[in-house]
Every structure is written in C-alpha cells, then in structure tokens.
Participant: 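Let me give you the structure first, and then I'll get to my questions.
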2 protein chains.
Amino acid sequence: MARYQVGLQTEAKIIDATRSLLAEGGLEATTLKSICERAEVRSGSFYNLFDSKEEAILRVVRESIEAVDPDPDGAGTDSVDDLVRAYIRFFSEEPQLARVYVVAALNGDSTGESASRRFLRHHLRRVERFADAMARSDTHLGRDEATVKAELLLGALDGLAFRWSLEPEFEFDKYALLAAERLK
Amino acid sequence: MARYQVGLQTEAKIIDATRSLLAEGGLEATTLKSICERAEVRSGSFYNLFDSKEEAILRVVRESIEAVDPDPDGAGTDSVDDLVRAYIRFFSEEPQLARVYVVAALNGDSTGESASRRFLRHHLRRVERFADAMARSDTHLGRDEATVKAELLLGALDGLAFRWSLEPEFEFDKYALLAAERLK
DNA sequence: CTCAAACTTGGGTGTATACTCAAATTACGT
DNA sequence: ACGTAATTTGAGTATACACCCAAGTTTGAG
C-alpha cells in the first residue's frame with residue numbers, strides 16, 4: 001500500500017493506464033509491459049504497490065461494476081425510468097469504464113476463475129432492483145412476473161450495450177429508451 | 001491440407017478439440033498444448049495440417065457464425081417467428097457452438113484484429129434479414145422503422161444469449177420468445 | 001509390391017509473459 | 001538536517017507460449 005504522496009500518484013497512474021488499456025484493447029492488450037509503459041513506471045515500482053497484475057485489473061473492473069449502478073443503498077426509491085436513465089448516463093459519460101464493464105462481463109476465465117461469477121452476482125442484484133421498481137409502479141404485478149420482466153429488460157439493455165461496444169456510433173441511448181418503453 | 005484418410009481424421013480430432021475448448025474456457029483455455037492433448041496429437045502433426053493456431057480457431061468460429069443463421073439464401077421467405085425460432089433452436093441443439101458464438105463475439109482483438117469487425121458484418125446482415133421479415137409482416141412499416149425494430153429485437157436476443165452463457169440454467173428460450181412477442 | 005508423398009514424432013527455438021530482488025534514491029515525520 | 005522507511009530502478013528468473021524441423025513411419029495410387 002502506498003504511504004507517501006509519490007506512491008499514491010504512481011498508484012493512480014497505474015490504475016489510469018490499466019483502465020485505458022482495458023477499454024482500448026481488452027485483457028489481451030493489458031500486459032504488465034504495456035501498463036508500465038503507459039504509466040511511465042518500471043515493473044519493480046508496480047510490484048511495490050500491487051501484489052499482482054490481477055490486482056490492478058480487478059480494481060478497475062470493480063470500479064466499472066460499481067459505476068454502472070450508483071447509489072446501491074437507494075434501493076426502494078428509484079423508478080424504472082431512473083434506473084434506465086442511470087444506465088444510459090453511464091455509457092455516455094463514462095465510455096471508458098463502460099467498455100471495461102462490457103469487456104469484463106465477457107471474459108469468464110481470464111480474471112481469476114470467478115470473474116463471470118462476480119458479474120452474475122452483480123447482475124442478479126440489478127435484476128432485483130429493477131424488479132422492485134417494476135412492482136412498485138404496478139401493484140397488480142406479482143413478484144415473479146416483475147423478476148421476469150426485469151430479466152427481460154436488463155438482458156435487452158446489456159445486449160444493446162454489447163452492440164454499442166462493437167460499433168461506438170451505435171445510438172445506445174435511443175435504443176435503450178425504446179427497449180425500456182416496450183419492456184417495462 | 002489433408003490428403004489421406006488419417007490426415008482427415010486428425011484434422012477432425014483437432015477441430016473437435018478446438019471447439020470444445022473454446023466452448024468450455026474461451027480463448028484463454030485454447031492453447032496449442034491443450035488442443036494437442038485433447039486431440040491426442042503431437043504439435044508437429046498439428047502444423048502439418050494447419051498453418052497456425054489461428055486457423056483452427058477461425059474455422060470453428062466461422063462454423064458457429066454460419067450455424068446461428070442457417071439457410072442464408074432463403075432470405076425473403078422467413079417470418080420473424082421463423083428467425084427467432086431458428087435462433088432458439090441453435091442454442092438448445094448446439095449449445096457448444098452457441099457458446100463459441102458468444103465467446104467469439106466478445107473477443108475483439110484476440111482472433112486477428114478483425115474478429116469483432118467480422119462479427120459486426122454478420123450482425124448487420126442478420127439485422128437486414130430481420131428487418132425484411134418485419135416489413136413483410138407489416139406493410140405500414142417503413143424500411144428505417146423496420147431496421148430500428150430489428151436492431152432492438154436482435155440486441156435483446158443477443159443480450160439474453162449472453163445472460164445464458166453466464167448461467168446455463170437460464171431459460172433462454174422462454175425469455176427469447178417473450179422478447180420477440182413484445183418487440184416484433 | 002513399390003515408392004513417393006503424406007503423416008507423425010518429440011526435442012528444440014525464440015519470444016513474451018508475470019514476477020523478483022538487491023542496491024540506489026527519495027520522501028517526510030521528528 | 002537526520003534517519004528510517006517508502007519508493008524506484010533495471011537486470012535477472014522462471015515459465016508458457018506458438019511454432020519449427022530432421023528423422024522416422026504409414027498410406028495408398030500405380
């Protein structure tokens with residue numbers, strides 16, 4: 001752990017380098033060498049602050065997972081529209097983190113064996129939150145039906161997000177709103 | 001290229017090994033060593049039949065991309081339901097190829113620089129085909145509107161497919177039908 | 001049956017990777 | 001300013017990877 005100012009700065013440079021590399025070229029491009037070059041740091045410095053390459057990558061991945069779902073304690077107040085808007089905002093305001101999010105979701109094995117397991121847990125939490133919002137807006141809706149609808153909407157949103165990662169010109173926001181309108 | 005029977009058999013064993021490895025552990029797990037071990041072949045034999053590891057992987061990826069969209073010449077006759085059913089059938093009858101399909105879609109860089117470009121091209125062809133079917137079933141629908149609807153439905157289907165790849169128990173068929181019903 | 005060509009073998013090459021460490025330098029509480 | 005502990009350096013280690021090749025074995029057309 002960094003204790004001095006310089007150490008904290010180096011840590012930040014390393015995290016920045018890791019994030020941009022993950023966003024640009026996925027795990028493939030995120031080697032120790034490329035991280036150190038971009039961060040302008042020698043490998044010994046890296047290992048003075050991080051136990052492994054994994055650790056740096058995991059920090060960035062966690063950062064992206066948390067960023068997609070802000071205010072996790074606020075559950076019980078957001079509407080479906082709020083949640084969808086937050087998702088859209090994430091993609092337009094944090095495209096780099098958003099790309100990391102998509103990349104992370106897909107690489108099951110690479111980041112420790114449980115990367116996809118972590119992602120699944122995160123997804124299930126999100127489904128619950130969407131289902132809550134749906135049940136709140138329609139009192140006739142049973143819990144199970146709300147969960148099904150939430151899976152459907154989130155599945156669609158994630159698919160559109162993936163589509164956007166294939167082609168950044170894809171109007172993710174437009175399609176996300178359409179999906180929400182028809183599936184909520 | 002294989003010329004003798006034994007050569008063809010070895011080729012098949014290598015392709016089978018590559019496919020199952022890709023399905024089980026993605027590109028990460030698909031090393032020359034693991035392919036040769038599973039195919040019960042020495043590396044020299046591999047290189048007698050394939051120019052590179054890439055070639056074997058690409059063959060399997062292409063196989064999966066073609067399998068998801070059968071009868072590509074039949075455009076102009078299928079209904080939206082036909083297309084959705086074909087997609088669902090692919091996932092239930094060829095789960096291994098389906099997993100390769102999802103894995104391939106996600107790994108932009110790894111299989112040559114244009115893996116995601118190839119996937120995008122394939123996706124756009126599919127969008128057109130879905131849009132055709134939609135325009136056919138609803139004569140009031142403009143071409144652009146049909147394309148938008150097709151992107152929406154295919155995005156949702158791909159998202160649900162990804163969801164299934166995270167958790168094989170996920171009832172992909174059920175959700176795919178629901179999505180089609182609401183988005184077609 | 002013959003023999004050239006296809007196929008197999010398995011050790012060997014070169015390169016990239018993640019990670020280590022002793023020695024030198026720098027930061028900062030006292 | 002001093003001294004300790006944090007930080008940096010860069011050469012060095014070990015390992016995994018894709019790929020090569022000379023020497024043998026097997027195949028199958030004529």
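Note: hydrogens, waters and symmetry copies are ignored here, and every other heavy atom, side chains too, is used. Proteins come first, then strands; the chains are lettered A, B, ... in the order of their sequence lines, and each starts at number 1.
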Participant: Base, backbone or nothing for each nucleotide of nucleotides 22-30 of chain C, written B, S, -, heavy atoms under 4.0 angstrom, 5' to 3'?
Facilitator: -----BS--
Participant: Using atom CZ of B:F46 as one end and atom P of C:dC7 as the other, report the distance to the nearest whole Å.
Facilitator: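 Rounded to the whole Å, the gap is 15 Å.
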Participant: Does anything in residues 10-23 of chain B reach DNA chain D, meaning a heavy atom under 4.0 Å, and if so which residues?
Facilitator: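 Here the set is empty: none.
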Participant: Which listed nucleotide (D:dC20, D:dT8, C:dC19) is nearest to the side chain of A:S45?
Facilitator: D:dT8
Participant: Quick one: A:N48 CG to D:dT9 P, roughly how many Å, whole number?
Facilitator: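 From A:N48 CG to D:dT9 P: 11 Å.
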Participant: With clusters built from Ile, Leu, Val, Met, Phe, Trp and Tyr whose side-chain heavy atoms come within less than 4.5 Å, directly or transitively, what are the remaining members of the cluster of A:M1, listed by chain and number?
Facilitator: none
Participant: Using side chain to side chain donor-acceptor pair (under 3.5 Å) as the criterion, list what pairs up with B:R129, not counting sequence neighbours.
Facilitator: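 By the side chain to side chain donor-acceptor pair (under 3.5 Å) rule, B:R129 matches B:D69, B:D78.
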Participant: Run the side chain to side chain donor-acceptor pair (under 3.5 Å) test against B:Y175 and tell me which residues pass, sequence neighbours left out.
Facilitator: none
Participant: Does any residue of residues 32-43 of chain B have a heavy atom under 4.0 Å from DNA chain C, and if so, which ones, in number order?
Facilitator: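 Within this stretch, B:R42, B:S43 sit under 4.0 Å of the strand.
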Participant: Sequence neighbours left out, what pairs pass ring pair (Phe, Tyr, Trp, His ring centres under 6.0 Å) with at least one residue falling in residues 51-83 of chain A?
Facilitator: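 Not a single pair qualifies under ring pair (Phe, Tyr, Trp, His ring centres under 6.0 Å).
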Participant: Rounded to the Å, how far apart are B:F50 CZ and C:dC7 C1'?
Facilitator: 14 Å
Participant: Start with the C-alpha distance between B:E151 and B:H123, add both sets of side-chain angles, then the distance that settles side chain to side chain donor-acceptor pair (under 3.5 Å), and finish with yes or no.
Facilitator: CA-CA 9 Å; B:E151 282 278 15; B:H123 174 80; 3.0 Å; yes
Participant: Going by an N to O cut-off under 4.0 Å, is there a salt bridge joining A:E54 and A:R59?
Facilitator: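 So A:E54 does not pair with A:R59 through a salt bridge.
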Participant: Any chance you could pull the hydrophobic cluster mates of A:Y4, using side-chain heavy atoms under 4.5 angstrom and chaining through other members?
Facilitator: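 For the cluster that includes A:Y4, the remaining residues are A:V6.
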Participant: With nearest nucleotide decided by heavy atoms, which residue, A:L49 or B:G44, maps closer to the 5′ end of DNA chain D?
Facilitator: A:L49
Participant: Under the side chain to side chain donor-acceptor pair (under 3.5 Å) test, which residues partner A:S52, sequence neighbours left out?
Facilitator: none
Participant: Can you tell me how far P of D:dC19 sits from NZ of B:K53, to the nearest Å?
Facilitator: 8 Å
Participant: Can you tell me the distance, in whole Å, between the CG atom of A:L27 and the P atom of C:dT17?
Facilitator: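 Distance check: A:L27 CG to C:dT17 P gives 14 Å.
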Participant: I'd like to check the side chain to side chain donor-acceptor pair (under 3.5 Å) partners of B:Y87; sequence neighbours left out, ordered by chain and number.
Facilitator: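 Side chain to side chain donor-acceptor pair (under 3.5 Å) list for B:Y87, sorted by chain: B:D158.
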Participant: Please name all residues satisfying ring-ring contact (aromatic ring centres under 6.0 Å, His included) with B:H122, sequence neighbours left out, ordered by chain then number.
Facilitator: B:Y101, B:F119
Participant: Please name all residues satisfying side chain to side chain contact (heavy atoms under 4.5 Å, CB included) with A:R38, sequence neighbours left out, ordered by chain then number.
Facilitator: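 Applying side chain to side chain contact (heavy atoms under 4.5 Å, CB included) to A:R38 gives A:A17, A:S20, A:L21, A:E24.
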